[in-house]
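Report on the structure given below.
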Amino acid sequence: MMNKFIWAPLRALLRKVPESTALLGLSILTGLLCGLAAVALKVSIHAIQGWLSSGIMPGSRLPYLVLPGVGMLLSLLIVKYLVRDNIGHGVTKVLQAVSKNESKIKRHNIWSSLVTSALTIGFGGSVGAEAPIVYTGAAIGSNLGRYTGMSYRGMTLLLGCGAAGAVAGIFNAPLAGVLFTLEILLFNLSMSGILPLLLSSISATLVSYLCLGRVSPFAATIVDFRMGNVPFYLLLGMLCGLFSLYFIHTTLGMEDRLSRFKNPYLKWLVSSVALGLLIFLFPPLHGEGYNFLGPLLNGLDPAIGNGTPMGVLMKFGWGVPLFFLLVAFLKVFSMTFTNAGGGVGGTFGPTLFVGALVGFVVADVLNLIAPGAVPVANFVLVGMAGLMAGVMQAPLTAIFLIAEISGGYELLVPLIITSAVAYGTTRIFEKYSIYTKRIAASGELLTHEADKAVLTLLRMDDLLEKDFLPVRMDYTLGKLVEAVSSSERSLFPVVDARGRFQGYVTLGDIRKDMFRPELYEQRHVFNYLKTAPEYVYPQDSMEAVMRKFEKTGAWNLPVVDDERKYLGFLSKSKIFNAYRESLKDFSQD
């Protein structure tokens with residue numbers, strides 16, 4: 001019904017204009033929808049939190065032991081029985097969709113990540129809402145591109161518009177939305193591709209602003225930048241870089257350990273108990289944690305109540321930075337427990353939260369040593385940018401996101417200093433961000449280098465040559481000559497009775513004997529057999545394939561499955577031709 005009355009007429013209308021023009025209108029529509037999705041997610045989370053705080057044992061800390069696990073279980077059941085798909089790690093999934101799935105994202109991702117993350121965070125799950133809304137926005141853009149008949153390049157651009165609009169809508173930060181797409185999602189866009197991103201981001205921002213106003217959890221009392229604080233910002237940058245390494249490796253290591261639980265309900269039980277205890281002992285781990293940053297950003301007392309089991313630390317001067325340092329270290333664990341236990345959320349929010357705490361701890365320690373040495377709010381904001389630059393390896397996004405959401409362009413110099421140092425410190429030890437580390441090993445990661453990006457986008461199915469005529473090992477020379485006369489190729493794969501690849505024979509190998517009929521019954525295929533120098537498997541990335549060509553010096557390599565059954569051949573020359581054509585399309589405006 002929708003196809004008949006909406007999509008078909010829209011496709012017909014868009015075919016009358018160039019795709020570049022159509023993309024401008026679709027980017028605005030994508031931004032508007034992403035803005036509405038961001039508003040819906042924010043409102044849902046706050047509504048659930050308000051209902052729980054006012055209706056279930058108001059003022060008591062005991063529900064913190066149970067409620068986060070309830071939200072995780074609800075999300076787990078929705079994903080397992082309704083969605084029936086893995087929707088965690090939203091930003092990573094978007095990267096994989098671009099590099100592996102032709103920028104196609106399933107329709108359910110338009111709502112599934114939004115609903116489950118609202119439940120997870122609303123009930124107290126210690127994750128962020130940003131990655132789920134990015135996945136939602138990317139799904140909106142991808143499906144809009146698919147149903148309007150856009151090309152792969154157009155669909156990819158709309159997917160990027162969705163991600164940019166989602167970030168812009170959730171933070172009211174249009175420039176950060178564009179930079180997020182360019183830096184983190186790794187799209188190699190020409191200048192003409194940036195305009196749709198800008199239109200989508202500003203559309204989403206306007207929708208969010210009109211619906212919710214300019215309310216921000218990061219409103220801060222900022223002090224003017226002083227040159228004398230530059231050494232301290234350099235120190236903060238190095239510490240953020242080191243903390244970024246801890247964040248990345250601890251998160252991935254914890255995920256690997258928790259993945260050993262094969263029963264999802266047992267994993268939920270272990271994760272929910274661990275998360276409940278952490279939140280009970282350290283309340284700032286509850287939910288996104290942004291509400292705990294307000295006092296730190298405005299020079300107020302960071303006390304969190306006498307009912308907190310670990311609150312005794314807050315009664316001593318040096319106990320305050322120690323408490324928040326423990327929270328920063330444990331946030332990684334609470335985040336991982338939430339996601340492992342069935343919750344849906346991202347690392348974006350926890351990265352900002354941990355960065356804020358690192359900045360606060362540095363400033364508080366300096367002020368304990370020399371009272372009034374540095375402005376706390378400035379360091380909290382700059383710490384957020386520093387950790388984001390290291391964990392996500394996106395310094396420009398970090399700089400301008402914090403500047404936009406805090407209205408703190410007065411902090412531009414320290415933001416640049418700390419983000420650059422944090423990014424550089426992290427890159428010394430870790431090449432990939434938390435989003436890309438796992439998929440980089442599989443060779444499915446798009447990069448900012450156009451040649452590598454194009455190589456990643458090449459599909460083995462499109463390059464596999466299947467018109468080589470297979471021959472059997474026991475064929476006589478006479479039967480092989482008959483095969484030569486009926487084939488247009490000069491290479492013949494040799495297989496056994498079960499279709500397993502054994503080697504190959506070329507026309508040059510038999511040229512001298514094929515005109516000697518007396519040898520037709522005396523010689524067999526195995527007399528001319530050559531062994532392939534390397535095998536290619538369907539799951540190999542194109543980068544791995546090219547390494548095999550380079551290592552062997554071959555121009556043709558056989559493709560076989562895990563049982564060595566023959567599937568076809570890959571030709572280096574065909575790959576080069578496809579690469580050149582794709583690079584031309586990829587780079588054109």
Side-chain angles (χ1 to χ4, degrees), residues 99-100 439-445 451-516 519-583:
S99 60
K100 193 177 180 182
I439 60 175
S442 66
E444 297 168 355
L445 177 65
D451 55 345
K452 289 187 178 181
V454 171
L455 194 61
T456 303
L457 294 173
L458 295 180
R459 299 284 183 267
M460 189 180 298
D461 289 344
D462 298 332
L463 301 172
L464 187 63
E465 299 183 65
K466 301 180 180 180
D467 58 343
F468 293 96
L469 184 61
V471 297
R472 293 272 295 275
M473 283 274 291
D474 55 352
Y475 276 12
T476 62
L477 175 60
K479 202 164 185 180
L480 180 57
V481 170
E482 290 180 14
V484 171
S485 65
S486 61
S487 174
E488 297 180 355
R489 306 303 295 260
S490 60
L491 186 148
F492 300 87
V494 179
V495 298
D496 62 14
R498 296 171 58 187
R500 293 181 301 183
F501 184 81
Q502 301 298 319
Y504 66 95
V505 175
T506 67
L507 186 59
D509 298 327
I510 65 171
R511 193 182 303 278
K512 292 181 180 179
D513 294 340
M514 65 184 297
F515 298 109
R516 299 177 62 186
L519 298 179
Y520 281 10
E521 298 301 321
Q522 296 179 17
R523 289 186 171 273
H524 296 78
V525 167
F526 56 76
N527 295 122
Y528 306 96
L529 185 67
K530 287 184 176 179
T531 303
E534 184 66 87
Y535 295 135
V536 174
Y537 298 93
Q539 63 268 27
D540 285 349
S541 67
M542 201 52 61
E543 192 172 354
V545 170
M546 292 308 297
R547 284 198 297 267
K548 291 181 178 182
F549 273 115
E550 186 176 350
K551 176 184 175 183
T552 62
W555 280 93
N556 295 282
L557 287 176
V559 181
V560 298
D561 65 12
D562 292 334
E563 297 179 354
R564 220 175 72 186
K565 288 187 177 180
Y566 170 73
L567 301 176
F569 265 84
L570 281 182
S571 163
K572 186 192 292 186
S573 59
K574 186 170 183 178
I575 294 175
F576 283 162
N577 288 335
Y579 167 83
R580 282 192 291 267
E581 290 301 316
S582 296
L583 184 62

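Owing to the predicted nature of the structure, the values given are computational and were not obtained by experimental measurement.
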- [ ] Measure across Val536 and Val545 and return the closest heavy-atom pair with its distance rounded to 0.1 Å.
- [x] CG1-CG2, 3.8 Å
Open item on the list: If we count only N and O atoms by modelled type, under 3.5 Å, do the side chains of Asp562 and Gln539 hold a donor and an acceptor together?
Closed with: yes
- [ ] With Phe468 as reference, evaluate Tyr504, Phe569, Phe492 under the ring-ring contact (aromatic ring centres under 6.0 Å, His included) test and give the passing residue.
- [x] Phe569
TODO: Determine the minimum heavy-atom distance between Lys548 and Tyr535, stating which atoms define it.
DONE: NZ-O, 2.8 Å
Open item on the list: To the closest 0.5 Å, what do you measure between CG (Leu464) and OG (Ser571)?
Closed with: 11.0 Å
Task: Cation-pi, Phe501 ring and Arg564 (6.0 angstrom, 45 degrees) - done: no
Open item on the list: If we check side-chain contact (heavy atoms from CB on, under 4.5 Å) with Ser490, which of these qualifies: Thr506, Asp509, Leu507?
Closed with: Leu507
Task: Contact summary for Val560 and Pro538, nearest pair of heavy atoms - done: O-CD, 3.2 Å
Task: Heavy-atom check, side chain of Tyr520 versus side chain of Thr476, under 4.5 Å - done: no
Open item on the list: Does any part of the side chain of Val494, heavy atoms only, come nearer than 4.5 Å to the side chain of Tyr566, both counted from C-beta?
Closed with: no
Task: Atom CD of Glu534: over 12 foreign heavy atoms under 6.0 Å - done: yes
- [ ] Would you name the heavy atoms of Leu469 and Pro493 that are closest together and state the gap between them?
- [x] O-CD, 3.6 Å
Task: Heavy-atom pair with the smallest gap, counting every atom of Asp474 and His524 - done: O-CD2, 3.5 Å
Open item on the list: Which heavy atom of Val484 sits nearest to which heavy atom of Met514, and what is that distance?
Closed with: CG1-CE, 4.3 Å
Task: Distance, nearest 0.5 Å, that separates CZ of Arg523 from CG of Leu480 - done: 12.0 Å
- [ ] Answer yes or no: is there an ion pair linking Arg498 with Glu563, defined by an N-O contact shorter than 4.0 Å?
- [x] no
Open item on the list: For a quick check under 3.5 Å, do Tyr528 and Asp513 share a side-chain donor-acceptor pair by atom type?
Closed with: yes
TODO: Could you grab the distance from atom CG of Leu567 to atom CD of Glu465, nearest 0.5 Å is fine?
DONE: 14.0 Å
- [ ] Considering only NZ, NE, NH1 and NH2 on the basic side and carboxylate oxygens on the acidic side, decide whether Arg500 and Asp496 come within less than 4.0 Å.
- [x] yes
Task: Gap separating the CZ atom of Phe515 from the CD1 atom of Ile510, nearest 0.5 angstrom - done: 9.0 Å
Open item on the list: Could you go through Leu557 and Thr552, starting from their C-alpha distance and side-chain angles, then the distance that decides it, and tell me whether this counts as side chain to side chain contact (heavy atoms under 4.5 Å, CB included)?
Closed with: CA-CA 9 Å; Leu557 287 176; Thr552 62; 4.3 Å; yes
